[in-house]
Amino acid sequence: NNADIKGNINLRNYELDLNAFVPAFMYDGKSFDNITLTAKGNRDTLHAVMVVANIKINDSLELPGTKINLAASNNASVIHLTTTASKSIRDAELNATVYHMDDGVRIHFAPSSFVLNDKKWRLEKDGEITLRKRYFDANEVKFVHDDQQIVLSSEMDPVRESSNLVARLENINIEDFAPFVITKPSMKGILTGRATVADPFGKPIIEFNGQADSFYLDGKEVGHVKLDANANTSTGIVSFNGTGSGEKNDFNVNGNINYKDSTGAQTDIVFKANKFDLNILEPYMNTVFSQVNGIASGDIRLYNDKKNMYITGPARISNGSMTVAYTKCKYLFNDQQVNFGKDLIELKTIRIK
């Protein structure tokens with residue numbers, strides 16, 4: 001609404017002049033505010049400048065103060081894009097040449113950069129991405145910050161007979177990137193691994209194999225974690241299998257969650273622990289207990305039935321303590337057996353202080 005477009009075309013002299021102002025524009029769930037466009041063209045070249053007050057990609061990613069300079073000639077467009085600041089990304093600069101084809105484009109990157117959480121990342125030169133109707137290819141698109149590195153490439157999927165996007169991750173700070181994907185639970189650590197994205201521009205399915213050092217979950221130290229995971233972005237279902245090892249942890253965990261389901265109805269996680277820090281589970285138990293501490297061994301299942309979250313299974317607990325939420329009374333116990341049931345916590349004979 002309320003767009004203002006002015007300009008003229010002189011066919012005799014091959015001249016185009018265009019000035020436009022669009023207060024608001026939305027496309028595919030993304031919003032663009034206060035767009036100003038200026039363009040001049042002749043027989044050979046089109047020059048355009050577009051300034052956008054704010055681009056909102058999703059709830060966690062906005063690009064305010066975005067400016068795009070474009071020079072197009074002979075089926076090639078040289079693009080220079082800058083954006084100022086957002087909560088996470090600031091001072092981003094993208095330089096690339098886009099080669100136009102009948103059924104897609106080939107993008108050749110020049111040196112570019114962006115600042116993420118006060119860390120400057122470089123997009124190195126000569127990486128390429130080709131996007132065509134039935135073809136996708138990526139060649140050494142490399143993002144670097146100090147010893148952190150993300151390299152994008154492509155490989156043929158023999159089952160789907162299409163190209164997959166592959167991301168090789170080295171020493172990635174999880175805390176910088178996790179909020180773009182998932183905000184709860186919060187995660188920290190250093191990640192190295194390989195992610196494969198099938199159908200990257202349709203309904204992506206993401207597979208990941210890797211490991212994280214110094215891993216923290218909701219501020220609780222887990223230690224060294226190995227993880228295999230599969231995420232279906234259409235359904236929101238994430239399946240995973242992982243192991244954790246550290247001073248307080250030695251366990252295997254596998255299960256499913258659905259990040260699109262706010263009820264947690266499809267959460268089903270199984271822990272098999274030689275030792276497991278119970279403090280990690282405190283956020284899920286705080287309606288009954290607080291200040292949960294201790295090292296547990298046993299098999300514990302965490303799942304949801306659309307109404308409630310449950311923890312079930314036997315656990316042997318050493319150096320344990322917890323405060324009952326209702327009475328505010330703190331109990332301590334050591335080397336005791338606790339059975340978590342769907343509707344009860346069974347202590348049987350237990351020595352407590």
Side-chain angles (χ1 to χ4, degrees), residues 60 117 169 171-193 208 210-229 231 238-259 262 264 266-304 308-325 328 330-336 338 340 345:
S60 58
N117 292 336
L169 314 177
N171 302 316
I172 299 301
N173 189 325
I174 297 173
E175 189 178 16
D176 289 339
F177 292 91
F180 293 113
V181 182
I182 183 171
T183 55
K184 282 290 184 179
S186 64
M187 293 180 283
K188 295 174 62 176
I190 304 300
L191 180 67
T192 296
F208 177 78
Q211 59 187 24
D213 293 314
S214 303
F215 184 70
Y216 284 75
L217 186 69
D218 278 331
K220 320 293 186 182
E221 183 179 4
V222 179
H224 179 79
V225 173
K226 291 183 178 180
L227 178 66
D228 296 329
V238 179
S239 302
F240 55 88
N241 180 67
T243 60
S245 58
E247 182 180 350
K248 296 182 178 181
N249 293 292
D250 179 12
F251 64 86
N252 173 265
V253 57
N254 66 82
N256 304 282
I257 61 173
N258 188 335
Y259 66 86
S262 60
Q266 292 176 287
T267 298
D268 193 347
I269 303 171
V270 176
F271 294 91
K272 295 182 181 295
N274 294 319
K275 58 179 180 177
F276 179 74
D277 184 3
L278 285 176
N279 190 245
I280 295 173
L281 294 180
E282 183 175 12
Y284 303 102
M285 303 174 68
N286 56 17
T287 56
V288 181
F289 299 117
S290 62
Q291 297 178 306
V292 179
N293 291 288
I295 303 298
S297 61
D299 297 344
I300 299 173
R301 183 186 177 201
L302 175 70
Y303 66 101
N304 195 305
N308 299 293
M309 183 74 74
Y310 295 104
I311 297 175
T312 62
R316 193 85 186 174
I317 301 174
S318 59
N319 299 318
S321 66
M322 60 181 65
T323 298
V324 177
K328 308 300 182 186
K330 184 175 182 178
Y331 295 91
L332 298 93
F333 46 93
N334 185 42
D335 195 25
Q336 301 294 318
V338 177
F340 294 93
I345 298 175

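By convention here, the first residue in the shown sequence is residue 1. Not measured: the values here are computed from a predicted model.
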*Please work out which of the three classes, parallel, tilted or perpendicular, describes the rings of Phe276 and Phe271, given edges at 30° and 60°.*
tilted
*Looking at Val222 and Asn249, what are the two nearest heavy atoms and their distance?*
O-ND2, 3.1 Å
*asked:* Between Asp268 and Arg301, does the salt bridge (charged side-chain N to carboxylate O under 4.0 Å, His left out) criterion hold? Intermediate values first, please.
replied: CA-CA 7 Å; Asp268 193 347; Arg301 183 186 177 201; 2.9 Å; yes
*Would you call Leu191 and Phe215 a side-chain contact if the rule is heavy atoms closer than 4.5 Å?*
no
*Crowded around Tyr216 OH? As in, over 12 foreign heavy atoms under 6.0 Å?*
no
_For Arg316, is there an ion pair with Asp335 - N to carboxylate O distance below 4.0 angstrom?_
yes
*asked:* Tell me the closest heavy-atom pair linking Thr323 and Gln291, and the distance in Å.
replied: OG1-OE1, 2.7 Å
*Does NZ belonging to Lys275 count more than 12 external heavy atoms closer than 6.0 Å?*
yes
*Would you say Lys220 has more than 12 foreign heavy atoms packed within less than 6.0 Å of its NZ?*
yes
*Determine the minimum heavy-atom distance between Ile300 and Pro314, stating which atoms define it.*
CG1-O, 4.3 Å
*How far does NZ of Lys328 sit from OG of Ser290, to the nearest 0.5 angstrom?*
6.0 Å
*Does the side chain of Ser239 come under 3.5 Å of the side chain of Asn256 through a donor N or O and an acceptor N or O?*
yes
*asked:* When you compare the side chain of Asp299 with that of Lys272, does any pair of heavy atoms fall below 4.5 Å?
replied: yes
*Over all atoms of both residues, closest heavy-atom pair of Ile190 and Ile174*: N-CD1, 4.4 Å
*Closest non-hydrogen atom pair, Asn274 against Ser297*: O-CB, 3.1 Å
*Return the minimal non-hydrogen interatomic distance between Phe208 and Thr192, and the atom names on each side.*
CZ-O, 4.3 Å
